[in-house]
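Notes follow once the structure below has been shown.
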Amino acid sequence: MTSSTFEGARLVLRKELRCSLREPAAWGAMFMFALTTLACVSLSLSGMTLEPKLLAALLWVILFFASMAGADRGFGDEDLARTLPALQLYGAAQAVLFGKMLYTGVLLLGLAAFTVPLYLIFMDVTLTSPGIFLLTLLAGLWGVAVAGTLLGALATGARVRSGLCTVLMLPIILPVFLPAIALTAAAFGGGAVAVSYLGGMVLYDLVLSVGASILFDYLWYED
Amino acid sequence: MDSSVWRARLLHGLTAVLTLGVLFAVFFVVPPAQGLGYYVRIAFFHIPVAWVSVLAFLLSAWWAAKVLRHHDAHADALSAKSAQLGFIFTVFATLSGAFFSKLTWGSYWNWDPRQTTIFVLMLIYGAYLTLRAAMPDPARRARVAAVYSLFSCLTVPFLVFIIPRFYFSLHPQPVLNSSGSIDMDPVMLATLLAALLDMTLIFWGLLYHGVAGHPPQGKAGDTV
């Protein structure tokens, strides 16, 4: 990434953060979605002793669907506000992509910081390997942020937006999702798991990032 | 009558003869397999449709790359048709695999690595076709579908190399097993190879019949 792209991405991130502070409903909807889902899961399973693998799967299902309530909005909101043409006119593709990705990453970190402690309390989970859990969480959110940003750009202009990004996202994110569940289960005391899974997640995140960077140019520069 | 019509007729004729030959071999020539009996007949349908499912996915991505590089409307039509057919073949592969699984292992579904792989492929096809259906503007539809097709290709190494490490498999060994040798009755192998060629020709015929109305040149989105 050149210094001008880095500077451009920083400016896009700043713009996104300012806009989101002016319009906190997007954050609110995502957080409330996570809280509602978490409450449903916790209430329906109260009093039951769950296996670490099931606890891990439930956590990632909650995080995935809650993130889908906000991770894909970077371009959709611009489209609705009719500001996308201006951004296309003044913003370089890579700066816009990485700025939006960083914003989505910040959004997802906020979501995880809100959801995970509540999940651990409500579901009475003991973390046996906090380091592995934290790294897994970061690698998982990285993948969701990258894929969510590109797929959000793809879905711009669609007749039907509701649920479209979730449909597009699931097959792409499975390579992150399945190792994340295995590693999280291990961090919840579910036995040993190969740390190479974490390496695989990071590698796949990198591949997604490079792939998104190459393909985004074709979306951004129309003819 | 121009040469393309003759080529199409030749392809259809060859496919029909080969299909009849394969059906005859499957029902009257192929011996029962050890441990599977005559259930092995399902494999002569299941393996070729699974092969075509993967072939269609890779071809769709190849033509998607041509759409992005050359804005080629014909390539977009081929990519879309390949994905449509790939989806149908994936459904056939999933259903035939589930029946084979029920008959031999006692349950329709157990997230065997290959079941998982074909299911993820079906999800990708479904997502691709949903995306195309949701895009009203033809030029944008061609572009975003091509990008999604290529982006979803990034999952292929995962499906091939990682998924098998996650799940225990009851699935029979592939024709070419891990030691690199072919462990199959020669009659079965010949029938299977003929069935693979036949299903590939059926796919090819359907593909070109499906895009016959589209001009070979033009800008992506003009005609699709």
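By convention in this document, chain letters (A, B, ...) are assigned in the order of the sequence lines, proteins followed by strands, and residues within each chain are numbered from 1.
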Donor-acceptor side-chain pairing of [X] and [Y] below 3.5 angstrom:
X: B:T200; Y: B:W51; result: yes
X: A:S209; Y: A:W142; result: yes
X: A:T136; Y: A:T184; result: no

For this session: With a 4.5 angstrom heavy-atom cut-off, could you sort out which part of B:A145 is near chain A: side chain, backbone, both or neither?
Result: neither
Part of [X] within contact of chain B (heavy atom distance under 4.5 Å):
X: A:L150; answer: side chain
X: A:F216; answer: neither
X: A:A212; answer: both
X: A:L154; answer: both

Exercise. With chain B, which of A:G211, A:P175, A:P171, A:A158 has the greatest number of heavy-atom pairs at distances under 4.5 Å?
Worked result: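 Among the listed options, the one with the most contacts to chain B is A:P175.
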Exercise. For chain B, which of A:I214, A:T156, A:I173, A:L170 has the most heavy-atom pairs under 4.5 Å?
Worked result: A:T156
Problem set entry | Crowding at CH2, A:W220 (>12 non-hydrogen neighbours, <6.0 Å) |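 Counting other residues, nucleotides and ligands, CH2 of A:W220 exceeds 12 neighbours.
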For this session: For A:R159, look at atom CZ and say whether over 12 heavy atoms of other residues, nucleotides or ligands are found less than 6.0 Å away.
Result: yes
For this session: Evaluate the ring planes of B:F100 and B:H46, with Trp represented by its six-membered ring, and classify them as parallel (under 30°), tilted (30 to 60°) or perpendicular (over 60°).
Result: parallel
